[in-house]
Colleague: 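This is the structure I want to talk about, given as C-alpha cells.
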Amino acid sequence: MLEYRYDTQLLIEGENLDVDGVRAHFDEAFQGDSTIIVGDEELMKIHYHTNKPWEILEYCSTLGEIFDIVVEDMQRQSEGKQG
C-alpha cells in the first residue's frame, strides 16, 4: 500500500501568486510528498501526492482560478486498474 495514494495536479491562474509562500504552506499544512510547485506571479503548476486531494483543491481555489485538475489514484494504478 502506498503512503500517499493520490497524485494531485492542477494549474492556478491569478495575480501576485507567491510560489515560495505556497510551497511553505504545503510543507506546514499538508501531509504528502513529491511536491513540485513552479510558476510565476500569474500562473502556477502544482503536483503533489496526498491522501486528501480535496484539501489541496480547497486551498488552491483561494489563490486564484484552478483548472486542468487531475487526481489519479496511484493505488489502483499499481494494481493494474484504471486510476
Side-chain angles (χ1 to χ4, degrees):
M1 177 120 186
L2 299 171
E3 183 175 5
Y4 298 108
R5 184 173 183 153
Y6 298 101
D7 176 5
T8 307
Q9 302 173 50
L10 62 115
L11 295 173
I12 305 170
E13 187 173 58
E15 297 178 7
N16 303 314
L17 297 174
D18 178 6
V19 172
D20 293 331
V22 170
R23 190 176 294 114
H25 184 78
F26 268 64
D27 290 343
E28 294 174 14
F30 304 123
Q31 291 183 335
D33 65 9
S34 297
T35 309
I36 301 173
I37 301 174
V38 296
D40 57 28
E41 294 181 346
E42 296 175 352
L43 184 65
M44 187 180 303
K45 178 170 178 78
I46 294 181
H47 171 272
Y48 194 64
H49 294 174
T50 183
N51 289 326
K52 299 179 180 178
W54 52 89
E55 290 180 352
I56 305 306
L57 298 175
E58 183 177 39
Y59 167 68
C60 290
S61 71
T62 68
L63 302 174
E65 180 181 350
I66 60 174
F67 62 103
D68 284 352
I69 300 164
V70 176
V71 177
E72 295 180 320
D73 186 333
M74 297 183 296
Q75 182 67 41
R76 288 182 56 86
Q77 290 175 342
S78 72
E79 295 168 357
K81 300 175 183 175
Q82 290 266 334

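On a predicted model such as this, the values are computed, not experimentally measured, just so you know.
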Colleague: May I ask whether Val70 and Phe30 are part of the same hydrophobic cluster, defined by side-chain heavy atoms of I, L, V, M, F, W, Y residues being less than 4.5 angstrom apart, directly or through others?
Modeller: no
Colleague: Among Ile46, Leu10, Ile56, exactly one meets side chain to side chain contact (heavy atoms under 4.5 Å, CB included) together with Ile66. Which residue is that?
Modeller: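 Option passing the side chain to side chain contact (heavy atoms under 4.5 Å, CB included) with Ile66: Leu10.
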Colleague: Got a second to check how far His49's NE2 is from Tyr6's OH, nearest 0.5 Å?
Modeller: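 Between His49 NE2 and Tyr6 OH, I get 13.5 Å after rounding to 0.5 Å.
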Colleague: As an exercise, state the distance from CD of Glu42 to CD of Glu15, rounded to the nearest 0.5 Å.
Modeller: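 Atom-to-atom, Glu42:CD and Glu15:CD are 7.5 Å apart.
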Colleague: Looking only at heavy atoms, what is the nearest atom pair of Tyr48 and Thr35, with distance?
Modeller: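 Heavy-atom minimum between the residues: CE1-OG1, 3.1 Å.
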Colleague: Write down the atom of Leu43, the atom of Phe67, and the distance for their closest heavy-atom approach.
Modeller: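 Looking at all heavy atoms of both residues, the closest pair is CD1-CZ, 4.0 Å.
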Colleague: Classify the angle between the aromatic ring planes of Tyr59 and Phe26 as parallel (below 30°), tilted (30 to 60°) or perpendicular (above 60°).
Modeller: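 The rings of Tyr59 and Phe26 stand perpendicular, inter-plane angle above 60°.
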Colleague: Within the distance-only criterion (no hydrogens, no angle test), does the side chain of Gln75 pair as donor or acceptor with the backbone N or O of Leu2 below 3.5 angstrom?
Modeller: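 Answer holds: yes.
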Colleague: Mind checking whether Leu57 and Leu11 sit in one hydrophobic cluster, side chains of I, L, V, M, F, W, Y counted as touching below 4.5 Å?
Modeller: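 The answer is no; the residues belong to distinct hydrophobic clusters.
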Colleague: Quick one: pull up CD in Gln77 and CZ in Arg5 and give me the separation to the nearest 0.5 Å.
Modeller: 10.5 Å
Colleague: Kindly work out whether a path of hydrophobic side-chain contacts (I/L/V/M/F/W/Y, heavy atoms less than 4.5 Å apart) joins Ile69 to Leu63.
Modeller: yes
Colleague: If you take all heavy atoms of Tyr4 and Thr50, which pair is closest and at what distance?
Modeller: CB-N, 3.8 Å
Colleague: Please determine whether the number of non-hydrogen atoms from other residues, nucleotides or ligands lying under 6.0 Å from atom CD of Glu79 exceeds 12.
Modeller: yes
Colleague: Which atom names give the shortest non-hydrogen contact between Ile37 and Val19, and what distance separates them?
Modeller: O-CG1, 3.5 Å
Colleague: Report the distance from atom CE of Met44 to atom CG of Asp18, rounding to the nearest 0.5 Å.
Modeller: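 Result: 7.0 Å between the selected atoms.
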Colleague: For His47 and Ser34, which heavy atoms make the closest approach, and how far apart are they?
Modeller: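 Nearest heavy atoms, His47 then Ser34: ND1-O, 3.0 Å.
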Colleague: Kindly indicate, with the supporting measurements, whether the criterion side chain to side chain contact (heavy atoms under 4.5 Å, CB included) is fulfilled by Lys52 and Gln31.
Modeller: CA-CA 8 Å; Lys52 299 179 180 178; Gln31 291 183 335; over 6 Å; no
Colleague: Quick one: closest heavy-atom pair of Leu17 and Ile12, and the distance?
Modeller: CD1-O, 3.7 Å
